[in-house]
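Single-structure report; data block below.
A, B, ... follow the sequence lines: proteins, then strands. Residue 1 opens every chain.
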Amino acid sequence: MAKVQVLNVAVLDNPSPFGNPFQFEITFECMEDLPEDLEWKIIYVGSAESEEYDQVLDSVLVGPVPAGRHMFVFQADAPNTGLIPESDAVGVTVVLITCTYRGQEFIRIGYYVNNEYTDPELRENPPVKPNYTQLQRNILASNPRVTRFHINWEATMDKMEDSENVDPAPNTMLPPTSMPSKAQPLGLMPDNSMDCL
Amino acid sequence: MKLLKPSWVNHNGKPIFSVDIHPDGTKFATGGQGEDSGKVVIWNMAPVLREEDEKNENIPKLLCQMDNHLACVNCVRWSNNGLYLASGGDDKLVMVWKRAAFIGPSTVFGSSSKLANVEQWRCVMILRNHTGDVMDVAWSPHDVWLASCSVDNTIVIWNARKFPEIVMTLKGHTGLVKGLTWDPVGKYIASQADDHSLKVWRTMDWQMETNITKPFSECGGTTHVLRLSWSPDGQYLVSAHAMNNSGPTAQIIERDGWKTNMDFVGHRKAVTVVKFNPKIFKKKQKNGSTPKPSCPYCCCAVGSKDRSLSVWLTSLKRPLVVIHDLFDKSIMDITWTLNGLGLLVCSMDGTVAFLDFSQDELGDPLNEEEKNAIHQNIYGKSLAITMESHLSSTIIENPEMLKYQQERQGNQNPNGAQGSGPENQTPKLTNVLNGESLEDIRKNLLKKQVETRTADGRRRITPLCIAQLDTGDFSPALFNSVPILPGSSASTQLTPQISSDSSTANSLVYMYVTSYFPALSQPMEPMKALDSRFTERSKATPGVTSVPLTIGITPLDRVKDSSSVKEPKVKDETSSDSEDKIMAKPLSMAKRKGEMEGAEVVEKRKKGRPRKDSFIRTHVMSVRIKDKTKEPSRLITPVAVLKLPTPSIQKSFSTQVSTDAIAYLEVENEVSVVSGARLSQLKWSRDGREWDTLLTSRITIATGSSDIVAVACEDRTLSVFTTCGRRLIPSIMLPAPLAALHCSGHFVMVLMASATLSVWDVQKQTALVKNESLNPILSGTDATVSQSFLTQQGVAVVSLSNGKTYCFNSSLETWNLIADKQDSLVQCADFRNCLTSQDALGSMGPLALTQGRNLSAGRLASRLSSTPHHLQQGMTLAFLENQLSSALMLLSASEYRHWLLIYARFLVNEGYEMRLRELCQDLLGPVHKSSSSSWEPTVLGLRKRDLLTEVLPVIGQNLRFQRLFTEYQDQLELLRLK
């Protein structure tokens, strides 16, 4: 079973102007002392169309992690606006928090983010070139989407028998096609779910 | 008989492989398949038992569910004491669960499920050893061992007192081991496997007692589980799937010679599970019928792959009841309630059934006494063990011992009762961490958290440890809590438009939800694309490199490898120091404002340091040695360097002398000049009585005790008066100017500027300490004397600014370290569970005074997350022994007694028999008088044997030491009679 359980993520400073740093207060619990650090990342999805526009806003190592309950604030700068396609600047996108241990991602927490102008005038007639100073970022903090992956927590390279996606909220937003299933033979698993091995 | 199928007990249609009712009967656990993992669920029993509870919305049905097993859970079993739940599954793991101490509903983060866990059960241990699916787990009587069996053909016996220690791996089966049962007497464990055998193993040497194969030779290997069971009287072992004349049976194996002459016949398919009723019954005496002696009998439930259940009484040749087609699929597990009248059955089809019998149907259950009598009859006195599941495995031999055991249980029960009922939960929302509330911590977390850079320039955050794992002291406040809003932590980035209060911020979020959720109902390509991002693991995330961050880290903040262990330590130290600072403050203030009116100084002292202890006088003086570094030339002769500052001479001052009845000393220097000599006046007043006397030199320090008054003058003389003003001894000429002066009882202590110490007993007119240098304790340190005082018993105590406190022992003529604030032992010693409620208030005495709040230091120990238990144990032991010897050195009888009892309790709790014996032996002394014995019957005026009388009840609380208890109890009694 997973040695690290994320218990809560509180979105701080939300909603906030687009240029403000992201702040997530993460509380997690660890079953036993971890010999290695956890690596946390904040990924901003620049465009729904392509992963090409994903920006890793920051990555931090968190450690040492003894057994117990811990918390920390993960702060990362706002995305580089130059790397966001202009057409995708305003509207709904996603910010992801991922955590990896020994290079294996075991949890992915996603939030919908709505970027919109606060000024009704701008809202009605948005400029062609997005005015980032007027944009407000609103993270839908009440509805995190948590995906957990099974990884090998031990140093020994035991072969992992199954890879599993746990979606605790299968009833919302997830299109049926992307519903992961344990029953799938390993060969049918999406490529990217096994890359950590 | 009543039959009920509670439909709400389900794993969403997935198979339920195991069911077990908690020993207290208030809840039960099921194990089986979850959505895509194994699942353990704890259910409330009340809605099963009573219809009105089932209908009552306020009574929770599901108490807790755990999805931690990676694969299907095959077995769940409560420990006999009800504290633990063990589960074994296809993921090869055995997990041991314990209920978290704090209680509060919580949901899984990110889960849409509205169902909160009413109880918190946490995995406290993962037992890894099996290389295949774990099929069955079983707790031994009295929870000494936990056995697990697996498809890896082995049985592992775990030490349940010391997880994850393995006592033994039982090898011998050549097929998948699918069932386990312990002999209720504790002599054997039996296992049944697919290799057509049932093996009985001895617990004495873990060797095989017998291997039974004949009834199983025809069996196929298609049953999922083979849960066998041992009868509560220990006489019969009943197997799962066996064959007799090509028919499936449950084989009855007699303990006597392991004979296999009988079986339960009738099921059409293989028997998967057999479960004996925990009670032994006797025939119900009907009114009017002639009472005839009847043999006690047992009751057994048998479940089969044929989806039917049969219940048998060993006194009847035919089953008491057979229920066909109870389920759609095979029966997987059976559990009885502890009263023996209820029965829960679970099935592969994912449902459970509850059977409720009446006493008319089953008979009168024997009470524990009668059951014990049967055991004693069969197995003899020595073998008979009490079936009382709460008691430890030892027989209580001594009536006194029994009394202490019962007292102890009585004390524990209120807590236990609180923990068991799901109704009386008291969510504790104020989690305090080092005196800080969680909310405070959250507000400053960003500023406070330690951030460093690794060698390759990456950010590394040390997370703040907010709770240790095994304390269970977790705050539910975290869950479902409203995020902290801007203004608290991110004030710098704050813009006016978002500085709204929480309610508007929340409403913003919800408005926003409604605004874009309708859009979701129509399939939208971009949204779908976004959604997929939630669940897909990233490849080595492509593209853009991270934006350079702007958080400035000052080099000062960098702490290499600063662990969360270290942090609280530092915090605590400052807090415990602060007390001393407060103590020293009023005096240093008095020094600085030397010209101030004396009366005002007294006022300040009273306010700043309200003292309640009546028996210790603590005239604290703040003295400081001159900084050595400023005078490097003197370093050559270190003895000469040690120079304590002398108090400046004030025009007038007054001090409060004794604390029991308020007495004041007033000093007025240079009241008059008579023939060239300046006269100074000393005035003593108490309850209206007063006297005054004149001295020819200016008075620097005046102090007094309940018996004497001592005054030091500028001309290095020391005068001692009685409290009536009579001079006791002619002026003592001091070798050096005085730095500090203390009185206590008939003792006078002087600390001279030359850093030497003298203590006199003015009543006996003897010197206890003669010009003893402070050099041994001051040399080699930069420390200064921060505090000094004299105990009631005339022991001089000197505290240094480095946190160390010494006392001078005049018989050994040594300085002895009695307290050290930096001492890691103080920080780590954890003896809280050895404190009684009276002890918790702490002891009063010189030791407590020098050590400050060592009790809170002990509390810190639990926060030190990674200290291994044995280390902690050792540190606590060392600390307690230090305390004991320090109290002895300080001649502080009450503190000696206080720490002696804590020490004894600790030894008893942790099982240090040798030390306990040594302690008792010393307290008891020789029973027969002999001239060679150097044993002192008293210690610090306390009679040792009286102390032993106090220690013995403590020993009586641990059954392990009952021999020790009896031994000393008897000897003490013997002495008393003499």
Side-chain angles (χ1 to χ4, degrees), chain A residues 1 6-8 10-13 15-17 20 23 25 27 33 43 45 48 51-52 54-58 60-62 64 66-73 75 77 80 83 92 94 105 110 114 138 141-142 144-147 149 164-165 167-169 171-175 178 182 192-193 195, chain B residues 36 68-70 108-112 442 445-446 449 454 458-461 463-469 474 478-479 481 483-484 486 489-490 493 495 497-498 508-509 512-513 516 520 526 528-539 541-544 546-547 549-551 563-564 865-866:
Chain A
M1 74 176 271
V6 174
L7 300 175
N8 194 39
V11 183
L12 309 181
D13 188 19
S16 71
N20 269 16
Q23 281 185 2
E25 177 204 272
T27 310
D33 300 4
I43 301 166
V45 175
E51 276 189 48
E52 204 185 313
D54 283 8
Q55 293 187 34
V56 177
L57 298 185
D58 204 350
V60 291
L61 297 174
V62 169
R69 183 170 287 190
H70 311 276
M71 66 196 302
F72 70 99
V73 173
Q75 174 167 319
D77 280 357
N80 182 344
L83 302 170
V92 176
V94 161
E105 183 177 331
N114 193 22
N138 193 344
S142 59
R145 302 290 314 279
V146 183
T147 313
F149 307 95
E164 178 201 32
N165 286 358
D167 191 336
N171 51 341
T172 58
M173 293 201 256
L174 194 67
S178 64
K182 184 194 172 192
N192 57 4
S193 65
D195 58 359
Chain B
D36 37 20
N68 302 37
H69 272 286
L70 295 188
V108 179
F109 172 67
S111 164
S112 64
R442 293 181 70 201
L445 188 55
L446 186 60
Q449 68 189 15
T454 60
R458 306 197 48 191
R459 288 168 72 190
R460 185 175 191 245
I461 295 172
L464 183 76
C465 184
I466 53 170
Q468 205 196 351
L469 202 60
F474 295 143
L478 261 183
F479 298 102
S481 54
I484 293 177
S489 59
Q493 290 103 4
T495 56
Q497 87 193 78
I498 55 158
L508 261 177
V509 174
Y512 164 60
V513 174
Y516 86 77
L520 238 99
K528 230 182 215 174
L530 279 176
D531 284 344
S532 71
R533 303 300 310 284
F534 284 133
T535 49
E536 282 167 21
R537 262 194 266 203
S538 55
K539 300 190 178 119
T541 318
V544 201
S546 62
V547 187
L549 70 150
T550 50
I551 300 173
S563 61
S564 51
S865 36
S866 52

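The two atoms that bring B:Arg458 and A:Leu61 nearest to each other are NH1-CD2, 3.9 Å, heavy atoms only. In plain terms, the two heavy atoms of B:Arg459 and A:Gln75 that are nearest each other are NH1-O, 2.9 Å. When all heavy atoms of A:Pro64 and B:Arg460 are compared, the closest pair comes out as N-NH2, 3.4 Å.
Here A:Arg69 contributes atom CZ and B:Leu464 contributes atom CG; the two are 13.0 Å apart, rounded to the nearest 0.5 Å.
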